[in-house]
2 protein chains.
Amino acid sequence: MQRMQDTGLRLFYTQGYFNTSVDDVLKELQMSKGAFYYHFDSKEDFFVQIIQTNLTHRMYASLIDPIKSHENPLVRIVKCLEDNLETAVHNELDFGCLLGNFIAEFNGRNETIMKHLNDILAIWEVSLVTALQKGKFNGHLDRHVDCEAVSLYIISSYLGIRTLMVGTAPSAKKYRFMSQLKHYFKSLEARPITA
Amino acid sequence: MQRMQDTGLRLFYTQGYFNTSVDDVLKELQMSKGAFYYHFDSKEDFFVQIIQTNLTHRMYASLIDPIKSHENPLVRIVKCLEDNLETAVHNELDFGCLLGNFIAEFNGRNETIMKHLNDILAIWEVSLVTALQKGKFNGHLDRHVDCEAVSLYIISSYLGIRTLMVGTAPSAKKYRFMSQLKHYFKSLEARPITA
DNA sequence: GGATAAACCGACCCACGGGTCGGTTTTATT
DNA sequence: AATAAAACCGACCCGTGGGTCGGTTTATCC
């Protein structure tokens with residue numbers, strides 16, 4: 001069962017959902033169609049279940065939990081994104097951000113699936129906002145910072161760079177991206193009292 | 001011919017390439033298969049031609065030409081992106097950035113098509129870098145600014161926000177995004193000589 | 001060990017998808 | 001008007017894709 005979902009997610013991620021057939025998944029698993037349709041109502045149902053368990057777990061593990069801390073959120077976020085980009089650089093078969101790719105693939109095309117993807121996105125966003133607000137309270141961020149906007153900007157740029165890094169020179173792109181992210185973050189820091 | 005490509009691009013954009021059949025395009029055009037395969041070798045060839053003409057034109061018109069100017073590039077870029085986002089907000093059937101969506105869909109899955117998409121991406125990036133460098137020369141940007149990195153960061157965030165805006169509250173997202181972009185840009189401006 | 005259900009198998013169904021091809025209409029040329 | 005080339009038609013091919021179903025194996029419980 002775990003194996004089915006792992007394999008399914010891997011194939012959907014690497015080849016795209018519409019470009020991956022149930023037979024593809026079955027071949028990889030050496031499993032019969034009967035077994036598959038005994039466990040899942042349809043290809044879509046299969047994918048929804050993958051999202052709810054597998055994809056959600058991965059998002060928590062890589063992008064949500066790592067920023068939960070009482071330290072300076074800007075520092076935590078930088079480290080978290082840096083780690084994720086570094087992993088991507090060293091991953092031979094990187095195809096971008098799991099969540100980002102699926103959102104791009106299903107945007108406006110499948111309401112059911114988008115609902116589940118948006119749920120994860122919302123959790124991610126909220127966890128960022130929460131971390132930033134805590135940082136404001138703790139004096140790490142300037143009090144004029146718009147946490148929702150910053151959160152959105154971070155997610156946007158991250159989804160974008162993950163897509164762009166699939167192409168050539170991922171490592172160089174990672175450095176360039178991180179340099180600008182840090183630059184941007186510096187402008188969010190609490191201003192010295194000397195104003 | 002123009003109609004064929006326009007329709008093809010529209011369908012591939014709104015439904016995705018893999019999720020759109022040649023028959024779909026034909027039905028929309030009220031055209032026979034024979035006519036289609038008289039003009040194009042294959043579905044892929046059809047798409048490549050669309051990229052080379054139609055998609056390229058649109059990219060120039062919306063994101064490349066508008067930033068070619070002798071004014072302050074930061075101002076130009078802000079206005080250009082703002083305009084594009086505003087158009088997206090008012091477009092009932094917006095599905096994200098044309099180029100960005102296709103890149104996400106074909107990343108690592110079709111070398112031929114990716115080559116063409118990357119060509120456009122490279123042109124866009126170069127035009128941004130050029131504009132920024134000119135801005136540096138003209139004293140609009142701080143001389144320590146890494147133009148390649150800034151350009152990459154802009155593209156990343158733009159591709160990301162376009163994807164996110166397909167969901168709910170595009171207008172609110174646009175404002176939040178723009179506010180942070182401007183914030184970031186402020187940190188790139190030439191420092192007052194008082195340093 | 002017999003009964004019952006859960007888990008699984010794979011042949012089969014049928015619509016769809018990309019692509020072909022023999023033939024017909026349209027257009028341009030002389 | 002004759003001719004040839006360009007443009008077009010749509011029936012057809014065949015592999016694929018999602019999904020079904022009658023039957024078989026495997027676990028479970030008494």
Side-chain angles (χ1 to χ4, degrees), chain A residues 1-55 95 101-102 105-106 108-117, chain B residues 1-55 95 101-102 105-106 108-117:
Chain A
M1 188 65 166
Q2 183 68 27
R3 227 180 97 245
M4 290 172 82
Q5 300 199 345
D6 282 340
T7 305
L9 182 58
R10 204 187 70 238
L11 289 182
F12 288 146
Y13 169 61
T14 55
Q15 311 183 2
Y17 177 84
F18 292 113
N19 200 26
T20 302
S21 68
V22 175
D23 285 340
D24 288 342
V25 180
L26 263 29
K27 200 184 295 173
E28 192 98 349
L29 287 165
Q30 304 236 79
M31 178 181 276
S32 73
K33 236 168 194 186
F36 180 87
Y37 278 97
Y38 175 79
H39 290 288
F40 307 100
D41 292 342
S42 63
K43 184 188 179 186
E44 180 176 320
D45 175 55
F46 178 48
F47 188 56
V48 168
Q49 294 204 31
I50 288 178
I51 296 173
Q52 286 179 322
T53 62
N54 226 315
L55 180 56
F95 292 88
N101 281 13
F102 289 135
E105 190 166 5
F106 288 103
R109 315 209 242 265
N110 184 317
E111 229 177 298
T112 312
I113 290 181
M114 274 314 293
K115 208 195 147 303
H116 291 97
L117 295 175
Chain B
M1 188 64 168
Q2 183 68 26
R3 226 180 98 246
M4 291 173 79
Q5 300 199 346
D6 281 340
T7 305
L9 182 58
R10 204 186 71 238
L11 290 182
F12 288 146
Y13 169 62
T14 54
Q15 312 182 3
Y17 177 84
F18 292 113
N19 200 27
T20 302
S21 68
V22 175
D23 284 340
D24 287 342
V25 180
L26 262 31
K27 200 184 297 172
E28 193 97 350
L29 286 165
Q30 304 234 78
M31 180 180 273
S32 74
K33 236 166 194 185
F36 180 85
Y37 279 97
Y38 175 79
H39 290 288
F40 308 101
D41 292 343
S42 63
K43 184 187 178 186
E44 179 175 321
D45 173 55
F46 177 47
F47 188 56
V48 168
Q49 293 204 32
I50 287 177
I51 296 173
Q52 287 179 322
T53 62
N54 226 316
L55 180 56
F95 291 89
N101 282 13
F102 289 135
E105 191 166 4
F106 289 103
R109 315 210 242 266
N110 185 316
E111 229 176 300
T112 312
I113 291 180
M114 274 314 293
K115 209 195 148 301
H116 290 97
L117 295 175

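Lettering follows sequence order; numbering is per chain, from 1. No hydrogens, no waters, no symmetry mates; every other heavy atom, side chains included, goes into these values.
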Q: Rounded to the nearest angstrom, tell me the gap between atom CG in A/N19 and atom P in D/dG18.
A: 11 Å

Q) Would you say B/Y37 reaches C/dG19's phosphate, i.e. side-chain N/O to OP1/OP2 under 4.0 Å? A) yes

Q: Determine which pairs satisfy salt bridge (charged side-chain N to carboxylate O under 4.0 Å, His left out) with at least one residue from residues 27-37 of chain B, sequence neighbours left out, and list them in order.
A: B/R10-B/E28, B/D23-B/K33

**Q.** Rounded interatomic separation in angstrom, taking CG from A/D24 and P from D/dG17
**A.** 6 Å

Q) Between D/dA6 and B/H39, is there an OP1 or OP2 to side-chain N/O distance shorter than 4.0 Å? A) no

Q.
Nearest whole Å is fine: how far is D/dG10 P from B/D23 CG?
A. 13 Å

**Q.** Value in whole Å for how far the P atom of C/dC16 lies from CZ of A/F18
**A.** 16 Å

Q: Take atom CG of A/D45 and atom P of D/dG18, then tell me their distance rounded to the nearest Å.
A: 14 Å

Q: Check whether the ring centres of A/F46 and A/Y37 lie less than 6.0 Å apart, and answer yes or no.
A: no

Q. Of all the nucleotides listed (D/dC9, D/dG18, C/dG18), which has the minimum atom distance to the side chain of B/S21?
A. C/dG18

Q | A/K33 (side chain) and D/dG18 (base): donor-acceptor pair under 3.5 Å | A | yes

Q: With A/K43 as the cation and A/F12 as the aromatic partner, state whether NZ or CZ is under 6.0 Å from the six-membered ring centre and within 45° of the axis.
A: no

Q: Find the distance A/Q15:CD to D/dG17:C1' and express it as a whole number of Å.
A: 14 Å

Q) Tell me: CZ of B/F36 to C1' of D/dA7, nearest whole Å? A) 15 Å

Q: Would you confirm whether B/D6, through its side chain, and B/R3, through its main-chain N or O, come within 3.5 Å as a donor-acceptor pair?
A: no

Q | Between D/dG22 (C1') and A/Y38 (OH): distance, integer Å | A | 16 Å

